[in-house]
Student: 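So that we are looking at the same thing, I have put the structure below in structure tokens.
Hydrogens, waters and symmetry mates are skipped; everything else that's a heavy atom, side chains included, is used.
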Amino acid sequence: MPGCFKKTLFALASLISFVSFILIVVAMGTPKWMTGKILCKTGADLVNATDPELVKFIGDIYYGLFRGGKIRQCGLGGRHSKFTIFPHMVKKLNTGLHVMIIMFLCVAIFFSLVSFGFCILNAIEVPYRAIKGPAGVCLWNFLAGGFVVLAVTSFMAAVKLHHLTERIANFRENVFQFVILEEHFEDCFWICVASATMHAVNLLLIAISGINFPKIKTKPEEVNVTAEDIMY
């Protein structure tokens with residue numbers, strides 16, 4: 001049976017792994033990975049809008065991995081619309097990269113659950129196989145955190161290198177052209193970053209659990225034997 005200290009560490013690690021699993025699932029299902037300001041360039045050019053008038057041509061956009069929405073401002077008031085990435089819009093995006101982001105997060109979910117199970121196992125008993133012990137827990141946490149990092153990095157590449165926001169903003173826009181004024185990574189993106197950080201914390205906890213702290217030994221009391229004690 002593991003000691004009380006190790007039980008506590010592995011129980012905490014299991015909780016962290018489960019919370020990481022929940023965070024990734026929530027992040028994938030929420031359409032708030034990116035928000036931005038979009039300018040209706042065509043409308044602004046038609047009326048030669050100056051700085052005070054440009055406000056009438058600046059709208060908003062937000063999106064996640066599966067859906068999103070935007071407010072088009074082309075001089076005649078805001079028009080709200082929602083969209084889904086699959087199955088139509090993905091053809092306009094970098095399909096391979098977008099699917100890879102989703103796959104990376106799905107694999108990270110799987111390894112988070114595996115890490116959760118192995119942490120529970122190590123909190124209950126000492127496995128006789130190394131892969132089921134702390135070494136295995138470290139491996140699953142490393143893989144889970146690594147795939148989350150890959151997903152986050154791939155999403156950043158899609159936004160910055162492949163102009164993801166601009167492509168989404170101009171999807172099925174035959175008359176008006178939109179340009180991106182601002183882009184901001186939102187809560188769901190940072191939730192994934194937090195998830196990767198939590199797996200790094202788990203690695204630290206497992207490393208601490210392997211440290212053998214020295215036990216404090218109390219000095220035994222010396223027994224003084226006198227001649228009178230021997231007589232009796």
Side-chain angles (χ1 to χ4, degrees), residues 6-36 61-69 84-86 90 93-124 127 131-162 164-165 168 183-210:
K6 289 188 176 182
K7 278 185 178 181
T8 304
L9 287 180
F10 279 111
L12 180 59
S14 67
L15 176 62
I16 291 175
S17 294
F18 186 74
V19 171
S20 174
F21 157 74
I22 296 296
L23 290 180
I24 299 173
V25 172
V26 170
M28 288 185 68
T30 307
K32 275 295 180 78
W33 280 61
M34 178 68 68
T35 59
I61 189 170
Y62 67 90
Y63 60 90
L65 298 180
F66 298 99
R67 64 188 188 278
T84 56
I85 304 295
F86 295 94
V90 73
L93 312 179
N94 189 321
T95 306
L97 185 58
H98 198 81
V99 172
M100 280 175 58
I101 295 170
I102 297 172
M103 291 296 295
F104 286 151
L105 290 176
C106 289
V107 175
I109 287 174
F110 171 75
F111 283 124
S112 295
L113 287 177
V114 174
S115 171
F116 169 72
F118 274 64
C119 287
I120 293 293
L121 176 64
N122 280 266
I124 297 173
I131 193 62
K132 293 184 178 180
V137 177
C138 286
L139 175 62
W140 309 131
N141 276 279
F142 177 79
L143 289 174
F147 276 105
V148 175
V149 170
L150 286 174
V152 168
T153 305
S154 299
F155 185 77
M156 292 177 64
V159 172
K160 299 300 181 182
L161 301 180
H162 295 273
L164 180 62
T165 309
I168 292 177
E183 287 179 316
H184 302 286
F185 292 104
E186 287 298 329
D187 296 342
C188 292
F189 175 85
W190 296 114
I191 283 175
C192 286
V193 175
S195 172
T197 305
M198 293 174 78
H199 286 290
V201 171
N202 262 0
L203 291 175
L204 180 62
L205 290 177
I206 305 307
I208 294 174
S209 72

Student: Can you see which heavy atom on L105 is nearest to which on C192, and at what distance?
Tutor: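 Shortest heavy-atom separation between L105 and C192 comes out as CD2-SG, 4.1 Å.
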Student: Test side chain to side chain contact (heavy atoms under 4.5 Å, CB included) on V152 and F189 and set out the steps.
Tutor: CA-CA 7 Å; V152 168; F189 175 85; 3.4 Å; yes
Student: Kindly give the heavy-atom pair with the smallest separation between F116 and S14, and that separation in Å.
Tutor: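 It is CD1-O, 3.1 Å.
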Student: Distance from K6 atom NZ to I206 atom CD1, nearest 0.5 Å?
Tutor: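 Separation between the atoms: 10.5 Å.
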Student: Measure the spacing between CZ of F155 and NE2 of H162 and express it to the nearest 0.5 Å.
Tutor: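 It is 12.5 Å, given to the nearest 0.5 Å.
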Student: So which heavy atom on H184 is nearest to which on M34, and how close?
Tutor: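 Closest approach of H184 to M34, heavy atoms only: O-SD, 3.0 Å.
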Student: Just by modelled atom types, is the S17 backbone N or O under 3.5 Å from a matching donor or acceptor in the H199 side chain?
Tutor: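 No.
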Student: May I ask you to check whether over 12 heavy atoms, not counting those of F18, lie within 6.0 Å of atom CZ?
Tutor: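 Atom CZ in F18 is not crowded, with 12 or fewer foreign heavy atoms closer than 6.0 Å.
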Student: Kindly compute the distance separating CD1 (I101) from CE (M28), expressed to the nearest 0.5 Å.
Tutor: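 Here the rounded value is 10.5 Å.
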Student: Enter the distance from F104:CZ to I109:CD1 here, rounded to the nearest 0.5 Å.
Tutor: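 Answer rounded to 0.5 Å: 14.0 Å.
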Student: For the pair S115 (side chain) and F111 (backbone), establish whether a donor and an acceptor sit closer than 3.5 Å, ignoring hydrogens and angles.
Tutor: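 Not at all, since once roles are kept as given, no pair shorter than 3.5 Å links the two residues.
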Student: Show your reasoning for whether side chain to side chain contact (heavy atoms under 4.5 Å, CB included) applies to M198 and N202.
Tutor: CA-CA 6 Å; M198 293 174 78; N202 262 0; over 6 Å; no
Student: If you count the non-hydrogen atoms of other residues, nucleotides and ligands that lie under 6.0 Å from CZ in F110, is the total more than 12?
Tutor: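 No - once you tally the heavy atoms of other residues, nucleotides and ligands closer than 6.0 Å, there are 12 at most.
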Student: Measure the spacing between CG of L203 and CD1 of I208 and express it to the nearest 0.5 Å.
Tutor: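 Separation between the atoms: 11.5 Å.
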Student: For the atom pair CH2 (W33) and OG1 (T165), what is the distance rounded to the nearest 0.5 Å?
Tutor: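 Nearest 0.5 Å value for the CH2-OG1 distance: 13.0 Å.
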Student: Which atom names give the shortest non-hydrogen contact between A123 and A11, and what distance separates them?
Tutor: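 Closest heavy-atom pair between A123 and A11: CB-N, 4.2 Å.
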Student: Can you check whether I16's main-chain N or O pairs, donor with acceptor, with S20's side chain at less than 3.5 Å?
Tutor: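 No; judged by distance alone, with no hydrogens or angles, the pair does not exist.
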Student: Check G64 against I85 and note the closest heavy-atom contact, atom names and distance.
Tutor: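 The answer is O-CG1, 4.2 Å.
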